[in-house]
Amino acid sequence: MALAWLKDLNPAQRQAVTFGDGTLLVVAGAGTGKTKTLACRVAFLLERGIDPGRVLLLTFTRRAAAEMISRADHMSGRGTAGKLWAGTFHAVAHRLLRLYGRSIGLADGFSVMDQDDAADLMQLIRLDLGVAKGDRRFPQKATLARMYSHTVNAQRPLREVVERYFPWCAGDLEAIGAIFARYGERKIQQRLLDYDDLLLFWKTLCSAPVVGRNLADRFDHILVDEYQDTNALQADILRGMRQSHEDLMAVGDDAQSIYSFRAATVRNMLEFPERFPGARVVTLEQNYRSTGPILAASNAVMSFSKERYTKELWSQRRSEQRPVLVTCRDEEEQTGMVCRHILEHLEQGVPLSEQAVLFRAGHHSAMLEVELARRNIPFHKFGGLKFLEAAHIKDLLAFLRILENPFDELSWFRVLLLLPGIGPRTARRILDQLGRPGRVDDAARCNGGGRTRLASPLCRLLREPPAVPAGAKEHFGALRSALADCEGVPLPESSSASGNETAVPSGKGLPVRVQIERIGVFYRPIFERRYENAAMRLRDLEQLEQIAARYRSRRQFITDLTLDPPTATSDLAGAPHRDEDYLTLSTIHSAKGCEWHSVHVLHAADGMIPSDMATGDDAGIEEERRLLYVAMTRAKDVLYVYFPLRYYHRRWAHGDAHGYAQLTRFIPSTVRALFEQRVDRAEVDPSSDRPADVRNTQAGLNRLWNC
DNA sequence: CATTTATAAATTTTT
DNA sequence: TTTATAAATG
């Protein structure tokens, strides 16, 4: 084979890429060419004549998969990498379950719900059971959803998970268990799968005697990226998928494990050799990304870690410029400094696309976003609040989901509650009526002579509409005709529809975009009445239509949206914005795997990094340390870490109340010495300029009561 | 009686 | 910006 590009690899990388048959773990530090190695491995396999359709590539995001495929194609020059099975665990699980789900008793027309939907269903059940009635605080729906997911993914008993991660809920263990049991039942009734089910049923698929064997035989090679952020369930799946073939390559960095809240565990990496006996281990330690001083500071942060890591990164990239620790008076000054530095670099020729601002929590960038907008600096924000979380987007999707899976009670509920004059009670009644087992001929007519006895609630709604309160009649009628329109079914004018229509044409042929338009006819008036800033939100709906225009299949549209939600406005923006230079704002979590010429890390204060929410136990604090490490190692040439001294707590009042922060505990004085330290007094208001030791004294006191 | 509106309180990270 | 509860309304 004439593989010229092999020469560009260092010995360790080459060893990984050209690895023969069997199981391999690649321990790859930050910036050591992990993506390159994986892409080369794919190219190498293709060169060896492996059928791309028999290679499975599991990544953390769809974007990562796309990048590796395009790089592999570029190297092999064959253009066949697109035929790989590539995507996230969840996306691949979905694809497999559509193919084989029937064999384990999965309903044909299942649909997938995201974690928000899961929380909403929890809430319905919580209200039904009347669990939250007492005067004791009961966990919120989002907490319940997180708890459930963690339990399933970790494959541990609920009691253990609650005691460890949600100790304040320990008193409600029984009630929580009862909710979870009902939750499982209702998902099955409604033909809904949550994220965890996708993994869970994939695992079930693996252990099915015949299909499991088929599945494992289906792939000659499996490659897994970001292995440090996989959980016990995912490890089980991999084992199930390697019953007959051994060829597996997992790549990860134990120092970058930052998803324990999703039940990810470094133990997957550490125990890899035991789980896959005979596995070889290759370690990549040469960092090609960052300059020496940046790497030195990053390593120093990790050197205080209580856990032992397997490697120490080194770099040949010399530089005089140390990373900069910027001490600011408060968040406002931090914002000003960030903007100033960004513009300085821009003038020196570093485009905005090579710069990024990173932070711990989505809302940490709020002030900066306002300032960037004021100064006309274009940016895209990754992580934090998402497009799909907006109420009006969810409303519209609920319609489509009813059409896709008429048993989806959650979406029905959402849509019915939109109608003025219909509240939870009436909605419940209507749903009960629609869901009641019908006469057999009814069912037959609805399902086109179908297999199921159960008449689809959608068909019921169209054929025998339940009574609604007088005030809701008009809107209810509009809803029915909108749904009928999308289905391509004529709506029976009066209640006595003639029974001899032939099998109704299915609306599945209608383009999704058209369906959204028709729903709009019904939804728009409600929408305008309901939301104050309808004009702004209308643009979101138009964007949704634009995305829909790219899809032929409604099902594909909905599942893509739930499994690969648009992570930033950039995913939504049309062609005109593509070539515009823009700055990246991102949570540290969403910045995983990315790199920029210059990186700005905001809020390096205790309480922010580490987040106050995570300082409960040692493991939590250690993960926060890794988080800072991930943030710092994103930088190639320039790294700024900002530390605002003063925080206003303007939660309820707009007063002047403030507290003094302390520099993050992950940068003690020995580490600080590796930074260039700047305190810009020019912009400090002299009236509030007190010596730092006074502040520190105050801060020390504040720690006594601000816990 | 059910729905709507008013009021007060709280807010990590994501497939 | 959302969410739980209380009061007002139909």
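Residue numbers begin at 1 in each chain, while the letters A, B, ... track the order of the sequences. Note that the coordinates shown come from a computational prediction; the quantities given were computed from them, not determined experimentally.
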For A:R425, is the CZ atom crowded, meaning more than 12 foreign heavy atoms sit under 6.0 Å from it? no
Is the number of heavy atoms from other residues, nucleotides or ligands within 6.0 Å of CZ (A:R267) greater than 12? no
Assert: residue with more 5' nearest nucleotide on DNA chain B, out of A:P420 and A:H589, is A:P420
By nearest heavy atom, map A:Q140 and A:L563 onto DNA chain B; which one lands nearer the 5' end? A:Q140
Atom-to-atom span, [atom1] of [X] to [atom2] of [N] - whole angstrom:
X      : N      : atom1 : atom2 : answer
A:L127 : C:dT3  : CG    : C1'   : 11 Å
A:H363 : B:dT13 : NE2   : P     : 7 Å
A:L233 : B:dT14 : CG    : C1'   : 16 Å
A:D229 : B:dT13 : CG    : C1'   : 11 Å
A:M613 : B:dA10 : CE    : C1'   : 10 Å
A:F89  : B:dT15 : CZ    : C1'   : 11 Å
A:R126 : C:dA4  : CZ    : C1'   : 9 Å
A:E389 : B:dT11 : CD    : P     : 17 Å

Base, sugar-phosphate, or nothing for [X], non-hydrogen atoms under 4.0 angstrom?
X      : value
A:Q123 : sugar-phosphate
A:R425 : sugar-phosphate
A:Y259 : sugar-phosphate
A:P424 : sugar-phosphate
A:R428 : nothing
A:E623 : nothing
A:I258 : nothing
A:G471 : nothing

My understanding is that only one of A:R191, A:R186, A:K187, A:R414 makes a salt bridge (Lys or Arg N to Asp or Glu O under 4.0 Å) with A:E409; could you say which? A:R186
How far does the P atom of C:dA4 sit from the matching atom of B:dT12, given to the nearest Å? 15 Å
Flag side-chain contact, heavy atom, 4.5 Å: A:V357 against A:S586: no
Are A:L563 and A:R62 side-chain neighbours, meaning at least one heavy-atom pair lies under 4.5 Å? no
Check every atom of [options] against the side chain of [X] and return the nucleotide holding the closest atom.
X      : options                : value
A:S611 : C:dT3, B:dT14, B:dT12  : B:dT12
A:T88  : B:dT4, B:dT11, B:dT15  : B:dT15
A:H90  : B:dT14, B:dT15, B:dT12 : B:dT15

With A:C206 as partner, the option from A:L238, A:L215, A:L96 fulfilling side chain to side chain contact (heavy atoms under 4.5 Å, CB included) is A:L215
Requiring both pairing distances under 3.5 angstrom, list the stems that contain DNA chain B and are made of three or more consecutive Watson-Crick or G-U pairs. B:1-10 with C:1-10
Counting only side-chain nitrogens and oxygens, does A:S590 get under 4.0 Å of the OP1 or OP2 atom of B:dT13? no
Verify the contact: side-chain N or O of A:T587 to OP1 or OP2 of B:dT14, cut-off strictly under 4.0 Å; return yes or no. yes
Partner set under salt bridge (charged side-chain N to carboxylate O under 4.0 Å, His left out) for A:R262, not counting sequence neighbours: none
Taking salt bridge (charged side-chain N to carboxylate O under 4.0 Å, His left out) as the test, write out the residues that go with A:D540, two or more places apart. none
Using modelled atom types only, decide if a donor and an acceptor are shared between the side chain of A:H392 and the backbone of A:L538 within a distance under 3.5 Å. no
